[in-house]
Amino acid sequence: MDGKAGPLAGMVVSIKDAICVKDEPVTCGSKILEDFVSIYDATVVRRLRNADAIIIGKNNMDEFAMGSSTENSAYGV
């Protein structure tokens with residue numbers, strides 16, 4: 001490393017629950033996957049980390065991304 005901060009240094013982001021974040025649950029808004037924990041980072045997550053973005057959590061979503069308002073999430077709106 002050259003000691004320089006990445007282009008997204010300090011930017012706070014959250015990740016939709018359909019995207020894998022290593023060692024975090026990935027439920028896709030479904031109870032079927034409630035015990036699944038990702039063993040790798042998705043490419044977008046790896047790129048965000050490499051650019052020094054700060055990932056603060058995961059976002060709820062409609063089950064398997066079948067909607068846009070979380071009304072169909074197994075975990076509620």
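Note: hydrogens, waters and symmetry copies are ignored here, and every other heavy atom, side chains too, is used. None of the values given here were measured: they were computed from a predicted structure.
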Q: Got a sec: does the CD1 of I56 have more than 12 other heavy atoms crowding it under 6.0 Å?
A: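 Enclosed: over 12 neighbouring heavy atoms sit under 6.0 Å from CD1 of I56.
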Q: Mind listing the closest non-hydrogen atom pair of D52 and A5 along with its distance?
A: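 So the two residues come closest at OD2-C, 3.6 Å.
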Q: Starting from the C-alpha separation in whole Å, work towards a yes-or-no answer on side-chain contact (heavy atoms from CB on, under 4.5 Å) for M61 and T27.
A: CA-CA 9 Å; M61 57 183 279; T27 67; over 6 Å; no
Q: When you group the ILVMFWY residues by side-chain heavy-atom contacts below 4.5 Å and let the links chain together, are I15 and V37 in the same group?
A: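 Shared cluster, no.
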Q: Could you pull out the closest heavy-atom pair between C20 and Y40, with the gap in Å?
A: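 Looking at all heavy atoms of both residues, the closest pair is CB-O, 3.6 Å.
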Q: Look up atom CG in D62 and atom CG in D17, then write down how far apart they are to the nearest 0.5 Å.
A: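 Between D62 CG and D17 CG, I get 12.0 Å after rounding to 0.5 Å.
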Q: State which residue, out of I54, T43, V13, V21, fulfils the side-chain contact (heavy atoms from CB on, under 4.5 Å) condition with L48.
A: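 Among I54, T43, V13, V21, the one meeting side-chain contact (heavy atoms from CB on, under 4.5 Å) with L48 is V13.
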Q: Indicate the atoms forming the closest heavy-atom contact of N59 with S14, along with that distance.
A: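 It is OD1-OG, 2.9 Å.
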Q: By the definition side chain to side chain donor-acceptor pair (under 3.5 Å), identify the one residue from K22, R46, R49 that meets it with D41.
A: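 Exactly one candidate clears the test, R49.
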Q: For residues K58 and I19, determine if any side-chain heavy atom of one lies less than 4.5 Å from a side-chain heavy atom of the other.
A: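 No, every pair of side-chain atoms sits at 4.5 Å or beyond.
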Q: What's the spacing between E63 CD and L33 CG if we round to 0.5 Å?
A: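 Separation between the atoms: 8.5 Å.
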Q: Are V45 and L8 grouped together when hydrophobic residues (ILVMFWY) are joined by side-chain heavy atoms under 4.5 angstrom apart?
A: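 Hydrophobic grouping puts V45 with L8.
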